[in-house]
Amino acid sequence: MEVDYLFQIGDNIVYPMHGAGIIKAIEEKEISGKKQQYYVIKMLIGNMQVMIPTGKILSSNIRPVTDIIALKNIIHIFQHGESDSLLSWKQRYKVNTDKIKTGKLQECAEVVRDLMQMKKEKTLNTSEKKMLDNAHEFLISELGFIKGITENQIKSFC
């Protein structure tokens, strides 16, 4: 029986709140007496392996890695966008968390841009420092998979 999967083995993907990874296998597993097909994903950050049921892949917001064309728009946003500095840190933290949870490269780039800008002006609190580090790591993990971008360009971007 052949099944049509959204992703194939070897595809580079982005998993929100985890960063970029590679589909290593599609396996059938029996868990709690129920057999299901799972994507086996090797995540770059933390060197961990994640298994997601193939039927839940859409609701997990996993997406393919962005291409070089979309990246040019992201770079423009990164260089020319404005942050909302009038929010309290709690409001800012919620907005930034929601952006990262979308898994979209643009949203993650905005979080990195805004927090880096804020860091230049004042010391970030512990939660925002950790958020900046995580968002930066997610951003770098995806940039490394984009075809046509060099390591030097990745370093200059962030």
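Contact check for W89 versus S127: side-chain heavy atoms found under the 4.5 Å cut-off. T54 has its side chain out of reach of Q36: every pair of non-hydrogen atoms, C-beta onward, lies at least 4.5 Å apart. For the pair T126 and K130, the minimum side-chain heavy-atom distance is 4.5 Å or more. Proximity of N96 to L115: side-chain heavy atoms (C-beta onward) are separated by under 4.5 Å at one or more points. Within the 4.5 Å cutoff, the side chain of D133 has no heavy atoms near those of the E137 side chain. Residues I52 and I62 meet the side-chain proximity criterion, which asks for heavy atoms closer than 4.5 Å. Within the 4.5 Å cutoff, the side chain of F145 has heavy atoms near those of the I22 side chain. Residues Q49 and M43 have side chains not in contact (no heavy-atom distance under 4.5 Å, counting atoms from C-beta outward).
Within 6.0 Å of the CD1 atom in I69, the count of heavy atoms belonging to other residues, nucleotides or ligands does not exceed 12. Taking a 6.0 Å sphere around NZ of K104, one finds it holds 12 or fewer heavy atoms contributed by other residues, nucleotides or ligands.
Rounding to the nearest 0.5 Å places CE of M118 at 10.5 Å from CZ of R113. Note: K35 NZ to E30 CD = 6.0 Å, rounded to the nearest 0.5 Å. The OG1 atom of T66 sits 8.5 Å away from the CG atom of L143 when rounded to the nearest 0.5 Å. Taking NZ from K99 and CE from M131, the interatomic distance works out to 10.5 Å, rounded to the nearest 0.5 Å.
In this structure, G19 and F138 approach most closely via the heavy-atom pair N-CD2, 3.7 Å. Closest heavy-atom contact between A20 and S141: N-OG, 2.9 Å. The shortest heavy-atom contact between A135 and I100 is CB-CD1, 3.9 Å.
Look at E128 and R92 and you find a salt bridge, because one of the NZ, NE, NH1 or NH2 atoms lies within 4.0 Å of a carboxylate O, short of that distance. Remark: K94 engages D98 in a salt bridge, criterion side-chain N to carboxylate O under 4.0 Å. For the pair R63 and E142, the salt-bridge criterion is met [side-chain N within less than 4.0 Å of a carboxylate O].
Cluster annotation: L58 is connected to I41 through the hydrophobic network of ILVMFWY side chains, with a link wherever side-chain heavy atoms come within less than 4.5 Å. Y38 is not connected to I57 by any chain of hydrophobic side-chain contacts under 4.5 Å among Ile, Leu, Val, Met, Phe, Trp and Tyr, and they are in different clusters. Grouping the Ile, Leu, Val, Met, Phe, Trp and Tyr side chains by contacts below 4.5 angstrom, directly or via other members, places I68 with V14. If you chain together hydrophobic residues whose side chains sit under 4.5 Å apart, L44 and V40 never meet in one group. Tracing side-chain contacts under 4.5 Å through hydrophobic residues (I, L, V, M, F, W, Y), one reaches L6 starting from V50; they form part of the same cluster.
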Evaluate M48 against H18 for side chain to side chain contact (heavy atoms under 4.5 Å, CB included), listing each step before the verdict. CA-CA 10 Å; M48 69 177 170; H18 296 283; 3.2 Å; yes
Any chance you could lay out the side chain to side chain contact (heavy atoms under 4.5 Å, CB included) test for K129 and T123, step after step, and finish with the verdict? CA-CA 9 Å; K129 280 182 194 174; T123 304; 4.2 Å; yes
Please test L132 against V112 for side chain to side chain contact (heavy atoms under 4.5 Å, CB included), starting from the C-alpha separation and ending with a verdict. CA-CA 6 Å; L132 174 57; V112 172; 4.2 Å; yes
Chi angles and distances behind the side chain to side chain contact (heavy atoms under 4.5 Å, CB included) call for I23, I13: CA-CA 7 Å; I23 305 285; I13 56 89; 4.1 Å; yes
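Side-chain N or O atoms of D11 include one that pairs as donor or acceptor with a backbone N or O of Q8 at under 3.5 Å. Between the Q91 side chain and the S88 main chain, a donor and an acceptor come within less than 3.5 Å of each other. At least one donor-acceptor pair closer than 3.5 Å links the side chain of Y39 to the backbone N or O of F7.
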